[in-house]
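Encoded as C-alpha coordinates, the structure appears first; notes follow it.
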Amino acid sequence: MLSSVKEYAARVNYKYFSSTEYDKWKAKKGHSSTIIARFGCWKKVLLLLGIEGGRERRYTPEQLVENLETVWRQLGFPPGKRQIGKYGLKISESPYKQIWGSVRSACQAVARQKEGKISREALLEGSLSNNVRRPIPLKVRWEILKRDNYRCVRCGRNPSSDHKVQLEVDHVKPVAKGGQNDIDNLHTLCWECNHGKMDSL
Ligand SMILES: [Zn+2]
(Lines give C-alpha, C1' and ligand atoms only; values in the text may rest on other atoms or scores of the structure.)
Protein backbone atom coordinates (compact mmCIF):
# COMPACT_ATOMS: atom_id res chain seq x y z
CA MET A 1 0.00 0.00 0.00
CA LEU A 2 2.64 2.50 1.08
CA SER A 3 5.01 1.21 -1.55
CA SER A 4 2.48 2.34 -4.11
CA VAL A 5 2.59 5.88 -2.66
CA LYS A 6 6.37 5.64 -2.71
CA GLU A 7 6.27 4.69 -6.36
CA TYR A 8 4.04 7.65 -7.14
CA ALA A 9 6.35 9.94 -5.15
CA ALA A 10 9.23 8.86 -7.37
CA ARG A 11 7.16 9.65 -10.46
CA VAL A 12 6.56 13.21 -9.30
CA ASN A 13 10.16 13.64 -8.20
CA TYR A 14 9.35 13.66 -4.47
CA LYS A 15 7.45 16.90 -4.69
CA TYR A 16 4.42 17.30 -2.46
CA PHE A 17 1.22 15.87 -3.95
CA SER A 18 -2.31 15.77 -2.62
CA SER A 19 -4.32 12.61 -1.96
CA THR A 20 -6.66 13.67 -4.79
CA GLU A 21 -3.76 13.78 -7.23
CA TYR A 22 -2.66 10.38 -6.02
CA ASP A 23 -6.11 8.88 -6.44
CA LYS A 24 -6.17 9.95 -10.07
CA TRP A 25 -3.22 7.67 -10.72
CA LYS A 26 -4.59 4.51 -12.31
CA ALA A 27 -1.78 2.15 -11.28
CA LYS A 28 -2.15 2.88 -7.56
CA LYS A 29 -2.69 0.06 -5.08
CA GLY A 30 -5.44 1.08 -2.73
CA HIS A 31 -7.34 4.33 -2.42
CA SER A 32 -5.75 7.15 -0.43
CA SER A 33 -8.52 6.88 2.18
CA THR A 34 -7.33 3.37 3.11
CA ILE A 35 -3.80 4.66 3.57
CA ILE A 36 -5.02 7.70 5.53
CA ALA A 37 -7.03 5.40 7.79
CA ARG A 38 -3.86 3.62 8.70
CA PHE A 39 -1.53 6.56 9.15
CA GLY A 40 -3.81 9.31 10.40
CA CYS A 41 -3.58 11.90 7.66
CA TRP A 42 -2.11 12.41 4.22
CA LYS A 43 0.53 14.81 5.42
CA LYS A 44 1.85 12.15 7.78
CA VAL A 45 2.00 9.57 5.00
CA LEU A 46 4.14 11.94 2.94
CA LEU A 47 6.26 12.91 5.93
CA LEU A 48 7.05 9.23 6.39
CA LEU A 49 8.51 9.36 2.90
CA GLY A 50 10.40 12.51 3.74
CA ILE A 51 8.13 14.77 1.70
CA GLU A 52 7.19 17.97 3.42
CA GLY A 53 4.09 19.59 2.23
CA GLY A 54 2.45 22.70 1.31
CA ARG A 55 2.70 26.34 2.04
CA GLU A 56 5.56 26.45 4.57
CA ARG A 57 8.04 25.29 1.96
CA ARG A 58 7.65 28.17 -0.45
CA TYR A 59 11.13 29.58 0.06
CA THR A 60 14.38 27.84 -0.71
CA PRO A 61 17.20 28.14 1.85
CA GLU A 62 19.03 30.40 -0.65
CA GLN A 63 16.07 32.79 -0.79
CA LEU A 64 15.77 32.82 2.98
CA VAL A 65 19.44 33.68 3.40
CA GLU A 66 19.26 36.35 0.71
CA ASN A 67 16.22 37.92 2.35
CA LEU A 68 17.89 37.84 5.74
CA GLU A 69 20.98 39.57 4.37
CA THR A 70 18.86 42.23 2.67
CA VAL A 71 16.97 42.99 5.88
CA TRP A 72 20.19 42.92 7.88
CA ARG A 73 21.79 45.51 5.55
CA GLN A 74 18.68 47.65 5.63
CA LEU A 75 18.50 47.69 9.41
CA GLY A 76 22.20 47.77 10.09
CA PHE A 77 21.86 45.03 12.71
CA PRO A 78 20.92 41.33 12.64
CA PRO A 79 17.15 41.00 12.39
CA GLY A 80 15.04 39.02 14.82
CA LYS A 81 11.66 37.42 14.50
CA ARG A 82 9.78 40.73 14.49
CA GLN A 83 11.95 42.49 11.90
CA ILE A 84 11.98 39.57 9.47
CA GLY A 85 8.19 39.72 9.30
CA LYS A 86 8.22 43.47 8.71
CA TYR A 87 10.99 44.11 6.18
CA GLY A 88 12.22 42.59 2.92
CA LEU A 89 9.93 39.84 1.69
CA LYS A 90 8.05 39.98 5.04
CA ILE A 91 8.53 36.29 5.68
CA SER A 92 7.35 34.81 8.96
CA GLU A 93 9.82 33.14 11.28
CA SER A 94 8.49 29.64 10.59
CA PRO A 95 10.53 28.78 7.45
CA TYR A 96 13.63 30.03 9.31
CA LYS A 97 12.63 27.93 12.28
CA GLN A 98 12.42 24.85 10.10
CA ILE A 99 16.00 25.18 8.92
CA TRP A 100 17.93 27.11 11.59
CA GLY A 101 15.71 26.90 14.66
CA SER A 102 15.08 30.66 14.76
CA VAL A 103 15.81 33.88 12.86
CA ARG A 104 18.49 34.66 15.45
CA SER A 105 20.39 31.44 14.84
CA ALA A 106 19.98 31.95 11.08
CA CYS A 107 21.83 35.27 11.56
CA GLN A 108 24.47 33.47 13.55
CA ALA A 109 24.91 30.89 10.78
CA VAL A 110 25.18 33.64 8.14
CA ALA A 111 27.82 35.40 10.24
CA ARG A 112 29.79 32.18 10.68
CA GLN A 113 29.76 31.63 6.95
CA LYS A 114 30.96 35.20 6.29
CA GLU A 115 33.78 34.60 8.78
CA GLY A 116 34.70 31.47 6.87
CA LYS A 117 33.96 29.21 9.83
CA ILE A 118 31.39 27.13 8.00
CA SER A 119 30.80 26.30 4.36
CA ARG A 120 27.92 27.73 2.38
CA GLU A 121 26.60 24.18 2.12
CA ALA A 122 26.49 23.90 5.91
CA LEU A 123 24.79 27.29 6.15
CA LEU A 124 22.05 26.25 3.74
CA GLU A 125 21.58 22.99 5.62
CA GLY A 126 20.90 24.94 8.79
CA SER A 127 24.05 23.75 10.47
CA LEU A 128 26.35 25.83 12.67
CA SER A 129 29.20 23.43 12.01
CA ASN A 130 30.48 21.65 8.94
CA ASN A 131 28.75 18.42 9.96
CA VAL A 132 26.18 18.75 7.25
CA ARG A 133 22.91 16.95 7.78
CA ARG A 134 22.39 15.13 4.53
CA PRO A 135 18.81 14.09 3.91
CA ILE A 136 18.17 10.42 4.55
CA PRO A 137 17.52 8.88 1.14
CA LEU A 138 13.99 7.66 0.60
CA LYS A 139 15.15 4.12 0.01
CA VAL A 140 17.00 4.04 3.35
CA ARG A 141 14.09 5.69 5.18
CA TRP A 142 11.90 2.99 3.78
CA GLU A 143 14.17 0.17 4.92
CA ILE A 144 14.32 1.58 8.45
CA LEU A 145 10.54 1.86 8.80
CA LYS A 146 10.10 -1.65 7.51
CA ARG A 147 12.86 -3.06 9.72
CA ASP A 148 11.32 -1.40 12.79
CA ASN A 149 7.84 -2.68 11.87
CA TYR A 150 6.40 0.84 11.50
CA ARG A 151 6.65 1.32 15.26
CA CYS A 152 8.48 3.67 17.54
CA VAL A 153 11.41 1.60 18.82
CA ARG A 154 11.33 3.44 22.14
CA CYS A 155 7.68 3.37 23.22
CA GLY A 156 6.33 0.81 20.76
CA ARG A 157 3.41 2.92 19.58
CA ASN A 158 2.37 2.78 15.94
CA PRO A 159 0.08 4.89 13.76
CA SER A 160 -2.23 2.05 12.80
CA SER A 161 -3.46 1.61 16.38
CA ASP A 162 -3.12 5.26 17.36
CA HIS A 163 -3.61 7.86 14.66
CA LYS A 164 -1.99 10.57 16.74
CA VAL A 165 1.36 8.83 16.40
CA GLN A 166 3.73 10.42 13.90
CA LEU A 167 6.74 8.31 13.04
CA GLU A 168 10.09 9.78 12.12
CA VAL A 169 13.36 8.23 11.06
CA ASP A 170 16.02 9.51 13.43
CA HIS A 171 19.78 9.32 13.87
CA VAL A 172 20.90 7.23 16.86
CA LYS A 173 24.14 9.21 17.06
CA PRO A 174 23.20 12.81 16.18
CA VAL A 175 24.52 14.36 12.97
CA ALA A 176 26.00 17.20 15.04
CA LYS A 177 28.14 14.59 16.77
CA GLY A 178 29.24 13.02 13.52
CA GLY A 179 26.43 10.49 13.08
CA GLN A 180 25.88 9.34 9.51
CA ASN A 181 22.99 8.05 7.46
CA ASP A 182 24.04 4.41 7.88
CA ILE A 183 21.31 1.87 8.50
CA ASP A 184 22.90 1.02 11.84
CA ASN A 185 22.72 4.65 12.90
CA LEU A 186 19.05 5.08 12.05
CA HIS A 187 15.90 4.05 13.85
CA THR A 188 12.18 4.77 13.91
CA LEU A 189 10.84 7.03 16.64
CA CYS A 190 7.54 8.70 17.25
CA TRP A 191 7.49 12.50 17.31
CA GLU A 192 7.25 12.62 21.12
CA CYS A 193 10.15 10.27 21.74
CA ASN A 194 12.24 12.00 19.10
CA HIS A 195 11.67 15.58 20.20
CA GLY A 196 11.56 14.90 23.90
CA LYS A 197 15.09 13.62 23.91
CA MET A 198 17.77 15.86 25.33
CA ASP A 199 20.84 14.77 23.40
CA SER A 200 19.56 15.92 20.02
CA LEU A 201 21.73 19.02 20.11
ZN1 LIG B 1 7.78 6.75 20.95
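Small disclaimer: the values here were computed from a predicted structure and weren't measured. Side-chain atoms are counted along with the backbone in the values below, which use heavy atoms only and exclude waters and symmetry mates. Counting convention: from 1, in listed order, for ligands and their atoms alike.
Asp170 contributes no side-chain N or O that, together with a main-chain N or O of Leu189, makes up a donor-acceptor pair within less than 3.5 Å. For the pair Ser105 (side chain) and Trp100 (backbone), a donor-acceptor distance under 3.5 Å is present.
Note on ring orientation: taking the six-membered ring where Trp is involved, the planes of Trp25 and Tyr8 are tilted (angle from 30° to 60°).
A cation-pi arrangement is absent between Arg11 and Phe17 under the rule of less than 6.0 angstrom and at most 45 degrees off the ring axis.
Note: Arg141 CZ to Leu186 CG = 9.0 Å, rounded to the nearest 0.5 Å. Going from atom CD of Glu69 over to atom NZ of Lys114 covers 3.5 Å, rounded to the nearest 0.5 Å.
Residue-and-atom listing of protein N/O/S atoms under 2.8 Å from the Zn ion (ligand 1), sorted by chain and number: Cys152 SG, Cys155 SG, Cys190 SG, Cys193 SG.
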